[in-house]
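Here's the structure we're looking at; comments come further down.
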Amino acid sequence: MVLGGCGVWPEAGQACSGYLVEHDGFRLVLDLGYATLPRLLQYITADQVDAVFISHGHPDHCADLNPLLRARMLRDDPPPSLPVYALPGALDAVLALDRPGMLDAGYVPHEFTAGDHFDIGPFRAQTRLLPHYLLNAGVRLAAGGRVLAYTGDTGPTPDVVELARDADLLVAEATYVTRVPEDSQVHQSSARQAGRQAAAAGVGRLLLTHLQPGTDHAAARAAAADGYGGEVGVATAGLVIDLG
């Protein structure tokens with residue numbers, strides 16, 4: 001389920017990057033950008049989250065980890081500590097929003113190096129370093145014979161193709177429609193580039209995410225479809241995709 005798919009800041013009625021991924025009753029949240037927690041709480045309670053994976057430390061991907069931990073800890077009966085997977089240092093800023101130690105009992109940090117493989121509940125996670133302004137870990141999740149690949153934020157790179165190879169669903173950053181500004185070409189992608197990489201990877205479906213606020217969704221889908229013949233969608237809050 002998409003909690004939000006806006007890049008940079010949330011549009012009215014939407015949220016930034018955040019996705020609830022479920023398998024066999026296990027609930028994993030990928031990224032928790034601005035305004036994702038209220039969306040999440042429409043579907044499950046804070047203590048029903050089993051783990052969190054954060055791709056990188058920009059606030060439009062992790063800011064709502066703070067209120068999630070508050071919702072779990074600032075109560076009479078706090079749940080067990082929440083496993084949180086992130087690159088070293090990626091969460092320093094968001095965890096510093098409260099007084100030192102206030103939320104420490106609420107989470108168990110699982111730091112990893114991009115390129116590591118590990119299990120998160122029923123999911124086999126494979127991570128890959130992808131180019132962005134901050135260190136960013138794309139992740140490939142496999143469970144029940146299905147595969148979801150998520151880029152976080154990234155510039156165009158063959159590593160996206162390898163991350164998403166034969167995945168059932170690729171959730172790909174597409175901040176721009178066709179033209180990426182010169183000063184961002186290494187660090188961010190367009191919908192057209194996402195479509196071409198999805199085609200090269202042979203993915204079953206493509207979901208464009210992190211669109212700049214105000215972007216025409218139909219134009220983004222058309223740009224991706226210019227190089228990719230599969231189903232193309234845009235991540236909007238409340239969208240549910242069943243991989244079977």
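Only heavy atoms go into these numbers, but all of them, side chains included; no hydrogens, no water, no symmetry mates. This structure is a prediction, so every number in the text was calculated from the model and none was measured.
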Practice item. Show which residues join V108 in its hydrophobic cluster (side-chain heavy-atom contacts under 4.5 Å, direct or indirect), or state none. Key: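 Hydrophobic cluster check, V108: no partners found.
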Review point. For V147, which fellow cluster members are found when Ile, Leu, Val, Met, Phe, Trp and Tyr are connected by side-chain heavy-atom distances below 4.5 angstrom, either directly or through intermediates?
Key: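 Same cluster as V147: nobody, lone residue.
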Review point. Applying ring-ring contact (aromatic ring centres under 6.0 Å, His included), which residue pairs with at least one partner in residues 195-244 are found, sequence neighbours left out?
Key: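 Pairs touching residues 195-244 that pass the test: H61-H210.
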Check your understanding: For residues 174-198, which residue pairs qualify under salt bridge (charged side-chain N to carboxylate O under 4.0 Å, His left out), counting only residues two or more places apart or in two chains?
Key ->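 Sorted pair list: R192-D226.
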**Study point:** ring pair (Phe, Tyr, Trp, His ring centres under 6.0 Å) evaluation trace for F53 with Y150
**Key:** CA-CA 11 Å; F53 178 98; Y150 171 54; 7.8 Å; no
Exercise for review: Kindly write out the residues that satisfy ring-ring contact (aromatic ring centres under 6.0 Å, His included) with H132, not counting sequence neighbours, or none if the list is empty.
Suggested key: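 Applying ring-ring contact (aromatic ring centres under 6.0 Å, His included) to H132 gives H56, H58.
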Check your understanding: Considering residues at least two apart in sequence or located in another chain, which fulfil the ring-ring contact (aromatic ring centres under 6.0 Å, His included) criterion with Y176?
Key ->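 Partners of Y176 by the ring-ring contact (aromatic ring centres under 6.0 Å, His included) criterion come out as none, since no residue qualifies.
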Check your understanding: More than 12 non-hydrogen atoms from neighbouring residues, nucleotides or ligands closer than 6.0 Å to CD1 on I44, yes or no?
Key ->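 For I44, atom CD1 is crowded (more than 12 foreign heavy atoms under 6.0 Å).
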Check your understanding: Parallel under 30°, tilted from 30 to 60°, perpendicular over 60°: which one fits the rings of F123 and F26?
Key ->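 Perpendicular, since the angle between the ring planes exceeds 60°.
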So, [X] and [Y]: side-chain donor and acceptor under 3.5 Å apart, yes or no?
{"X": "D116", "Y": "T127", "value": "no"}
{"X": "Y133", "Y": "S184", "value": "yes"}
{"X": "T36", "Y": "Y19", "value": "no"}

